[in-house]
Amino acid sequence: MHAQAEAALSTVLVHVPSPHQPRVLPFSPRISELLRDGVATLARDDEPVSCKLLLVRQPRIFTEDLATLPRITAERTVMVINQAPGDVGNPFRYYDFAAVRDRVHRYFGDTVEWAPISSQVRDQVRQVVPDARLAPDDWHEIIDVAHWWRDRDGFVGDVPVIGRHGRGDPVKWPIDPAEIRQAYPVTGDVRVRVLGGGEIAVERLGEKPDNWDVVRFGAEEPEEFLRTIDFFVYFHDPDLVEAFGRTILEAMASGVPVIIGEHFRPTFADAALYGTPADVPRLVAELYADPARYRAVVSRAREFAERRYGHQSHLARLADFGIRSRISPAAPAVPGSLKQRRVLMVSDNGAGMGHISRLMAIGRRLPGDMSAVIATQSYGASVAHQEGFLTEYIPSRKVLDAGLARWTAVLRARLAHLIELHEPSVVAVDCLPHPGIVEAVRDHPEIVWVWVRRAMWQRGVGADWITEGKVFDHVLEPGEFAAIADEGPTVADRASAFQVAPITFLDESELLDREAAKRELDLDDRPAVLLQLGAGNINDIASPIARICTHLSGHGFQLVLAESTIATRPMPRVPGAKVVKIYPVSRYLRAFDLTISAAGYNSFHEQIGFAIPTVFLPNTATRLDDQRGRARFAAATGVALTVEDPASAELEEALDQAVRPEVRAGLAHRCRELGFGNGGAAAAGWLSGLPANTWRMA
């Protein structure tokens, strides 16, 4: 539900009492919170529901006839088999698959698609009903890695701490006490922490070992519990068919190596360590003695969890059902007596269009009863105006040639005037929290203030800005493809931010096709390369541009240099290269066979997101932005080539690779393989809901 809300998709919950619950229970607090916060809505018992996709979880709901059949009309229905019909000893222990299938088809039609949650469940269903028609792909669990992840400075204590968490069910533990002692040692050279179900193991052992800490289920949040252990070890009753292994995934996402049985390999691939209970002491000792290997296991597991089971994996399978974020330009004003709500969007961008583009990407996707006003210290206000936004100009400190105290007063007064003029319900600020902005926030507590804070800052830089930013009511964090490599100060504050997928101005469907883009740019049939190396380092890139152009023209490429639409200094002129001044550049990307680009937030995510083969030349002169970290991650994941020192022969070596068609095809394929959605719609949907949810009385 959270993933769908982030993608601006609507979710309706239909309550169906389950016959296998022993008593009537209230809604889970987590469900109540989702409904209260508007993440989903609840259908009334007598309310008909029409939807593109009906998703049903838990086959045991249908072990008996329903007292009341929900009135649902769906284009497609998926039954998620999130529990196996039985276990090894009794394949029919929990439900009769054939009987449940017949009842579900009677209710919802025989076109229902049956999707196991894992290969283990798939195999067990095949065992009891060999002719069962199952979906080709598993409907696996998903996880918000950013929510679970915790940075670790080192091991928890002086000895390894082994742990596990989960509900207290006897089948979740090995039957043999000897195996329990092997997997969860009772010796003093390790500590063991168990959240939930530990009393079952203690009963089987006959006593609670001195080095064990047994915590009752629910006494600690799993996210916090996982911070107190170094290794997650999970072994269970050999008869149990574990449907998925949710707690294993949570440990991976939290940065804890997991040691599990070989039967989990189809679900967790090479992201886990596999063995038997007897292997646990050895594996723990080896990793505890080798911190570098420990970190490598953690990093591999986190990357796997994000790639295979992150929110984007769910949105991708919804897209296969034709369900995508509805992204459209900002709607016209609401006629008549209805007054539009306004969002004042503030940026201090000076040399480029990055901050303004992110704000416009959100603003153009706001719902019809809400509109954006763009206020910027950049000459990009003219571009925002051309894109249909009401715009306001804020003179920068440089333009005013003012000292800090004077500029602070000007900025504070200018924001006060704009708030009085436009009466926004939300002010979204995509820049650092300068003193004038901080004072304006304190002056206007009746307004909801949001810091649109890009991540991926350079390591050790900007912690003071994080502290200053605490004045905002909310932090909205545009996603980073390279988030795993983020070492900046925003990482420690990530739990306080609302995160969305990477934000790009355009959605892929809005790009011109190859022929139209070439025609617009007046390009011929030769392969074309686009150079966009940023507006802030022109003096540094003159020589590399000349070398790039000479090298690529020798391979038959036509050369296009993208100049910022607000550049105050022209790009270096290179004989035979076309210089274009266009916005947004991304609209024309399909015209190009290759791009040579800085690794700024916008161009980085556009080129990877739209699968354009790219050689990144990170701009290392930026004050906060860790372009080198982004570019290195892109190279490590195989989505792009990277040149960190364009003055060296490394540049020509990368270009020699990039001119090869098979290399470019491989880069594009890898980009599509690791693709991500556009978080602009989710950000707009979240932003538009803030006034109703968090309005504060002055």
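We use all heavy atoms of the structure for the numbers below, so side chains are in, but hydrogens, waters and symmetry mates are not.
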Inset, instruction - Please answer whether the main-chain N or O of T637 pairs with a side-chain N or O of R670 as donor and acceptor at a distance below 3.5 Å. - result: yes

Legend entry - N82 side chain vs I117 backbone, donor-acceptor pair below 3.5 Å: no

Inset, instruction - Would you check if Y94 and P85 make a side-chain contact, meaning some heavy-atom pair closer than 4.5 Å? - result: no

Inset, instruction - Kindly state whether the ring of Y294 and the ring of Y288 have centres lying under 6.0 angstrom apart. - result: no

Legend entry - Approximate separation, where rounding is to 0.5 Å, of Y234 OH and I248 CD1: 7.0 Å

Legend entry - Six-ring centre of W149, R302 cation under 6.0 angstrom, axis tolerance 45°: yes

Legend entry - Step-by-step side-chain hydrogen bond (donor to acceptor under 3.5 Å, both in side chains) determination, Q83 to Y95: CA-CA 9 Å; Q83 182 177 17; Y95 61 92; over 6 Å; no

Inset, instruction - Drop me the distance from D239's CG to I175's CD1, to the nearest 0.5 angstrom. - result: 6.0 Å

Legend entry - Pairs involving residues 168-208, ordered by first then second residue, that meet ring-ring contact (aromatic ring centres under 6.0 Å, His included) (sequence neighbours left out): W173-Y184

Legend entry - Side chains of T267 and Q120, donor plus acceptor under 3.5 Å: yes

I'd like a table of donor-acceptor pairs (distance under 3.5 Å, sequence neighbours excluded) in which one partner is a side-chain atom from residues 9-16, with atom names and distances.
from, atom 1, to, atom 2, distance (Å)
T11, OG1, Q4, NE2, 2.5

Inset, instruction - Compare all side-chain heavy atoms of L315 with those of Q312 and state whether any distance is below 4.5 angstrom. - result: yes

Inset, instruction - Return yes if some donor-acceptor pair links the side-chain N/O of R191 with the main-chain N/O of G157 below 3.5 Å, else return no. - result: no

Inset, instruction - Would you mind reporting whether L667 and V639 have side-chain heavy atoms less than 4.5 Å apart? - result: no

Inset, instruction - Could you grab the distance from atom CD of Q499 to atom CD of E477, nearest 0.5 Å is fine? - result: 4.5 Å

Inset, instruction - Check whether any side-chain N or O of Y274 sits under 3.5 Å from a backbone N or O of H263 as a donor-acceptor pair, and report yes or no. - result: no

Inset, instruction - Report the residue from N211, I229, I162 that forms a side chain to side chain contact (heavy atoms under 4.5 Å, CB included) with R193. - result: I229

Legend entry - A3 to I142 - nearest heavy-atom pair and separation: CB-CD1, 4.0 Å

Legend entry - Any donor-acceptor pair under 3.5 Å from R126 side chain to A132 backbone: yes

Inset, instruction - Report the C-alpha separation of H2 and H314 in whole Å, then their side-chain angles, then the decisive distance to 0.1 Å, and conclude whether the ring pair (Phe, Tyr, Trp, His ring centres under 6.0 Å) test is met. - result: CA-CA 11 Å; H2 278 299; H314 178 61; over 10 Å; no

Legend entry - Donor-acceptor under 3.5 Å (S299 side chain, R295 main chain): no

Inset, instruction - Would you check, one step at a time, whether the test side chain to side chain contact (heavy atoms under 4.5 Å, CB included) holds for R122 with L134? - result: CA-CA 8 Å; R122 181 182 297 273; L134 303 179; 3.7 Å; yes

Inset, instruction - Would you name the heavy atoms of F155 and P291 that are closest together and state the gap between them? - result: CE1-CG, 4.3 Å

Legend entry - S118 and D138 side chains, donor-acceptor separation under 3.5 Å: no

Inset, instruction - Quick one: do E223 and H147 satisfy side-chain hydrogen bond (donor to acceptor under 3.5 Å, both in side chains)? Show the steps, please. - result: CA-CA 9 Å; E223 300 98 306; H147 171 79; 2.8 Å; yes

Legend entry - Audit row: V258, L273, side chain to side chain contact (heavy atoms under 4.5 Å, CB included) steps and yes/no: CA-CA 6 Å; V258 302; L273 302 172; over 6 Å; no

Legend entry - Non-hydrogen side-chain atoms of N678 and R365 separated by less than 4.5 Å: yes

Legend entry - Short side-chain donor-acceptor distance under 3.5 Å, W114 and H105: yes

Inset, instruction - Work out which heavy atom in K208 is nearest to a heavy atom in V214; give both atom names and the distance. - result: CD-CG2, 3.9 Å

Inset, instruction - Considering non-hydrogen atoms only, spot the tightest contact between V161 and T228 and give its length. - result: CG1-O, 3.4 Å

Inset, instruction - Please confirm whether H165 and F232 have ring centers closer than 6.0 angstrom. - result: yes

Inset, instruction - List the steps and the verdict of salt bridge (Lys or Arg N to Asp or Glu O under 4.0 Å) for R133 and E113. - result: CA-CA 8 Å; R133 289 182 299 151; E113 300 169 56; over 6 Å; no

Legend entry - Worked verdict on Y309 versus V145 for side chain to side chain contact (heavy atoms under 4.5 Å, CB included): CA-CA 9 Å; Y309 298 121; V145 174; over 6 Å; no

Legend entry - Atom CG of D210 with >12 non-hydrogen neighbours under 6.0 angstrom: no

Legend entry - Distance-minimising heavy-atom pair for H140 and R308: CE1-O, 3.4 Å

Inset, instruction - Apply ring pair (Phe, Tyr, Trp, His ring centres under 6.0 Å) to H605 and F481, showing your working. - result: CA-CA 7 Å; H605 290 102; F481 174 72; 7.2 Å; no

Inset, instruction - Look only at the side chain of D87 and the backbone of G89, and say whether a donor-acceptor pair between them is shorter than 3.5 Å. - result: yes

Inset, instruction - Using a strict 4.0 Å threshold on nitrogen-to-oxygen distance, state whether R300 and E303 make a salt bridge. - result: no

Inset, instruction - Please tell me if the side chains of V194 and V215 come closer than 4.5 Å, counting only heavy atoms from C-beta onward. - result: no

Inset, instruction - Step through it carefully: locate the ring centre of F97, locate the ring centre of F92, and say whether they are under 6.0 Å apart. - result: no

Legend entry - Heavy-atom check, side chain of F304 versus side chain of D270, under 4.5 Å: no

Inset, instruction - Ignoring hydrogens and angles, tell me if any N or O in the side chain of E47 forms a donor-acceptor pair with the backbone of R44 under 3.5 Å. - result: yes

Legend entry - Flag side-chain contact, heavy atom, 4.5 Å: R103 against D65: yes

Legend entry - Validation row, ring centre F264 to ring centre F244 under 6.0 Å: no

Inset, instruction - Check whether any side-chain N or O of D230 sits under 3.5 Å from a backbone N or O of V156 as a donor-acceptor pair, and report yes or no. - result: yes

Inset, instruction - Would you check, one step at a time, whether the test side chain to side chain contact (heavy atoms under 4.5 Å, CB included) holds for T111 with T77? - result: CA-CA 7 Å; T111 60; T77 300; over 6 Å; no

Legend entry - Expected output: side-chain R164 to main-chain F235 donor-acceptor under 3.5 Å: yes

Legend entry - Contact check, side chains of P70 and V49, non-hydrogen atoms, under 4.5 Å: no

Legend entry - R101/D96 ion pair, N-O < 4.0 Å: no

Inset, instruction - Indicate the atoms forming the closest heavy-atom contact of A253 with I143, along with that distance. - result: CB-CD1, 3.7 Å

